[in-house]
Structure formats: structure tokens, C-alpha cells
Undergrad: 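Following this message is one structure expressed as C-alpha cells.
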Amino acid sequence: MSRTALITGITGQDGSYLSELLLSKGYHVHGIARRTSTLSRGRIERIREEAQRRALTYDLHYADMSDAGSLTRILLKVRPDEVYNLAAQAHVAVSFEQPEYTTDVNAVGVLRLLEVFRTNGIPVRFYQASSSELFGAADSSPQDETTAFNPASPYAVSKQFGFSIVKNYRDAYGMHGCNGILFNHESPRRGENFVTRKITLGLARIRYGFQEVLSLGNLDATRDWGYAGDYVDAMWRMLQCEMADDYVVATGKAHTVRDFIEKAARVAEYEIEWRGEGVGETGVDRKSGKTLVSVNERYYRPLESTRLVGNAAKARQHLGWVPTMDFEGLVQLMATADLRTVRDGGSVTEV
Ligand code: NAP
Ligand code: G4F
């Protein structure tokens, strides 16, 4: 018999890849989407059309993580077997500007869902989108499930509450709740104000004459970047285990923002040479002498997570999960997709 899944954050990057995965496995898929003045369904429009064509269940419901009543109504109506909580104010820098909203959605929002399950006796398997940002200013590297949390932003603090309340409901009430401590994962569907997509889209726009320069913050920030398509598979694998647990999901390889720029620039047929330092640093194309990258203090954060790189040995052993795409493949995929999108005048990258 087909299982039913509900995805919060279905319109986001991960929501779109998870939709495809669950539909391919025969799930009835439901998602919550919030009301916005313009529709934010670009990532799932094609998925929805395909589901319709094949007569598969792919239903969207209006709700908001800050509105307990709307969540209750939908959960009681859908009664899902699995819930993937991906909805969040997911931008770390924005969380410094909107800490209260970020906490309401990312922290209290998780509790709202858990309380619906508990008070109505709904026996779901629950996935919580926890984050490597929990490690924050970590004092050891690589990080795994035993590394102490040291969150370095309101976003990370909100996600720490989400992590802990899922663990608490698991321990106290025997709820099947899993935390995926996912390191950064990207794709051509990544939001345009996260650094990888900002770089690939910016370089493509410069290449085709729609933008002058790419303005960025800390070029030496180090992250463990994987492919979103691989990471949603880890989410699903967690919920298939009899025993709920928490898992780090990562590639184990660290790269700087600077590395990412250099590789993406090559795909756009630029060769970056770095000149100057700090906020005066620029990235110049060796052949043409054109300035492609400048540094702007505006994109620095009040506090930065340190060298984030994960050890996913537990996910490999218990879930049989391994990433299929390396850093080079990821940069190539994103840069190529954006060059094509900008060249063809499209707005949403379809991959
Ligand atoms: P994303 O593309 O920014 O998607 C976030 C989703 O949450 C969108 O569908 C958004 O809806 C929805 N949302 C935001 N506020 C909401 C609210 N108040 N009520 C209902 N829905 C709301 O993020 P993502 O990259 O897919 O990440 C998915 C989850 O994983 C997030 O929880 C994120 O914090 C976490 N995470 C991500 C990464 C990563 O590297 N991508 C790593 C670790 C953890 P709209 O489309 O209307 O904006
Ligand atoms: O792409 P980012 O904004 O991602 P960040 O902050 O690592 O957060 C992402 O990954 C987390 C998992 O670790 C998720 F939980 C979270 O939801 C989100 O998906 O920034 C990456 C790095 C940072 O160190 C930032 O300071 O890039 C640096 N950076 C440099 N210039 C920039 C920029 N980041 C952004 N967004 N924009 C810049 O211009």
C-alpha cells in the first residue's frame, strides 16, 4: 500500500528534490505552502504538472509554520505516515536581522508540529532539518554526531532548539523523530542569495552583460558543500530505520568561497587573479583585465561559523548513504545551468 508523506517547505530547494524522490518511490505526497503575494512555486511547477499527468497525488495546502491552527488542520486531514520538516527562515545572515521571526518559524514551528502529533496521537515518523550551523564556532574538525554544539547565529540557535525538542519528544514520548545534521548542500535550484548560487548566477550574468561585478563577503569562509539531490536521499533513509536517530550528512571535503569562485569562473571561461586584500581585494580576469569580484563589508556577518567540515561515517554505516557528486561536479553543474539559463533568458533553472 502507498505511504503518505507531508513535506513542509515543499517549495524550497530541498522540498523540490524530496518531492521527486518520494513520488518516484510511489508515495502520496502532500506539502504545505505559505501564502505569498507572488507565487513561489517555480521549483515545483514542473513536478506538479508531471504528477498530474501521471495521476499521482501531489497536493499543496496553505499553512504557515507560525500558525498552529493551520498546521493542525492539515495534519489531521492528511494523516501522513512520514513528515519532513524542511520549512525554515534558512538564511543565516537574515537571522541576524530577523531573530524573533527566525526563532518563531525554525524553533517554535517544530514544537507546533510535534504537539499536533502528541496531542492527537498521530504515529508519524518525523524528519527535522537540523544543520551543521549547530557546530558554529566548533573547536574540532571534522564534526560528527559527538561534536559539541556552539551555535554562532540566531539561525543556529533556533535550529538548536529544533534539534533538542525532537530529541526530547523521542526520549519522553517514544516519538520516531530524526535529526539530519546536514552540511551545506547546493544545486541549480539553490536560493539566489546563498553564496554558491550567487556566484554561479552572478558570473553568468557578467558573461552575458547583465551585471557588472559580483559583490561578496568573506572569501575565506570554509564549507563542506554537497549536492542537494544526494542529501534528500539521506533524509528518506533516516525515516526507513526502525530506530530513530540523529545523523551527520556531509561530503567530508572542505573548500573556501574563493575555491568555489575560481572553479565557477573557469566554467564561464574566466581565469581569476586575486589582487589586494581584505575589503580592498578584487578578483580580476587575467585575459581581459576586467574586475569580476569585489568584497563588500555588507556581506560580512557579525559572527562567522568556523571551518565546517563533516564526518558522515555513521550515515554511511547505518544508512548505506554515500554522496554521488564531488565538489568539482557540483560547481560544474551549477555554473553550466546558470550560463544556460541566463543565455536563454529564463528565470528558473530546470535541472
Ligand atoms: P529554502 O530553499 O530556503 O526553502 C525553505 C522553505 O521553507 C521554502 O519552501 C519556504 O517557502 C519555506 N518557509 C519559510 N518560512 C516559512 C513559514 N513561515 N511557513 C511555511 N513555510 C515556510 O531552504 P532549503 O535549502 O531547501 O533547506 C531546507 C531546510 O533544510 C531548511 O530548514 C534549512 O534550514 C535546512 N538546512 C539546509 C541546508 C542547506 O545547505 N540547504 C543545510 C542544513 C539545513 P517559500 O518558498 O514561500 O519561501
Ligand atoms: O551560502 P551561505 O549563505 O550559507 P551558510 O551560511 O553556510 O548557511 C547555509 O548552510 C547551512 C548549513 O551549514 C544551512 F543550515 C543554512 O540554512 C544555509 O543553507 O554562506 C556560506 C559562506 C558563509 O561563511 C558566508 O559568510 O559564504 C560566506 N559568504 C561570503 N560572501 C557569503 C557571501 N554568503 C552569502 N550568502 N552571500 C555573500 O555574499
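Any value given below was found using the heavy atoms of this structure, including those in side chains, with hydrogens, waters and symmetry copies removed.
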Undergrad: Looking at Glu50 and Arg53, is any side-chain nitrogen of the basic one under 4.0 Å from a carboxylate oxygen of the acidic one?
TA: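 Glu50 and Arg53: salt-bridged.
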Undergrad: Below 4.0 angstrom, N of the basic side chain to O of the carboxylate: do Lys263 and Glu328 qualify?
TA: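 Yes, this pair counts.
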Undergrad: Could you tell me whether Arg286 and Glu273 make a salt bridge, using a distance below 4.0 angstrom between a side-chain N and a carboxylate O?
TA: yes
Undergrad: Decide whether Arg3 and Tyr27 meet the rule of one side-chain donor and one side-chain acceptor closer than 3.5 Å.
TA: yes
Undergrad: Walk me through it: do Lys25 and Glu20 pass the test salt bridge (Lys or Arg N to Asp or Glu O under 4.0 Å)?
TA: CA-CA 9 Å; Lys25 291 184 183 296; Glu20 288 171 327; over 6 Å; no
Undergrad: How far apart are the C-alpha atoms of Asp245 and Lys314, what are their side-chain angles, what is the distance that settles it, and do they pass the salt bridge (Lys or Arg N to Asp or Glu O under 4.0 Å) test?
TA: CA-CA 10 Å; Asp245 207 343; Lys314 181 175 170 186; 3.2 Å; yes
Undergrad: Is a donor on one side and an acceptor on the other found under 3.5 Å between the side chain of Thr222 and the backbone of Asp220?
TA: yes
Undergrad: Short question: side chain of Asn296, backbone of Tyr299 - any donor-acceptor pair under 3.5 Å?
TA: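 Judged by distance alone, no pair lies under 3.5 Å.
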Undergrad: When Asp14 is tested against each of Arg189, Arg190, His185 for side-chain hydrogen bond (donor to acceptor under 3.5 Å, both in side chains), which residue passes?
TA: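 The side-chain hydrogen bond (donor to acceptor under 3.5 Å, both in side chains) with Asp14 is passed solely by His185 among Arg189, Arg190, His185.
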Undergrad: Check for me, please, whether Leu86 and Phe117 land in the same ILVMFWY cluster - side-chain distances under 4.5 Å, paths through other members count.
TA: no
Undergrad: Between Arg223 and Glu186, is the salt bridge (Lys or Arg N to Asp or Glu O under 4.0 Å) condition met? List the steps.
TA: CA-CA 11 Å; Arg223 290 289 185 276; Glu186 319 291 315; over 6 Å; no
Undergrad: Decide ring-ring contact (aromatic ring centres under 6.0 Å, His included) for Tyr231 and Tyr17; before the verdict, give the C-alpha distance in whole Å, the side-chain angles of both, and the deciding distance to 0.1 Å.
TA: CA-CA 9 Å; Tyr231 286 45; Tyr17 284 103; over 10 Å; no
Undergrad: So among Val248, Val309, Asn184, Val249, which one has a side chain to side chain contact (heavy atoms under 4.5 Å, CB included) with Ser132?
TA: Asn184
Undergrad: Taking only Lys NZ, Arg NE, NH1 and NH2, and the carboxylate oxygens of Asp or Glu, determine whether Arg237 and Asp233 approach each other closer than 4.0 Å.
TA: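 Yes, this pair counts.
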Undergrad: Please confirm whether the backbone N or O of Phe183 pairs with a side-chain atom of Trp225, one donor and one acceptor, at under 3.5 Å?
TA: no
Undergrad: Thinking salt bridges, do Arg112 and Asp67 make one under a 4.0 Å N-O criterion?
TA: no
Undergrad: State which residues pass ring-ring contact (aromatic ring centres under 6.0 Å, His included) with His91; sequence neighbours excluded, sorted by chain then number.
TA: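 Once residues adjacent in sequence are excluded, the partners of His91 under the ring-ring contact (aromatic ring centres under 6.0 Å, His included) criterion are Phe194.
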Undergrad: Is it true that Glu281 and Arg258 make a salt bridge, defined as a side-chain N closer than 4.0 Å to a carboxylate O?
TA: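 Answer for the salt bridge query: yes.
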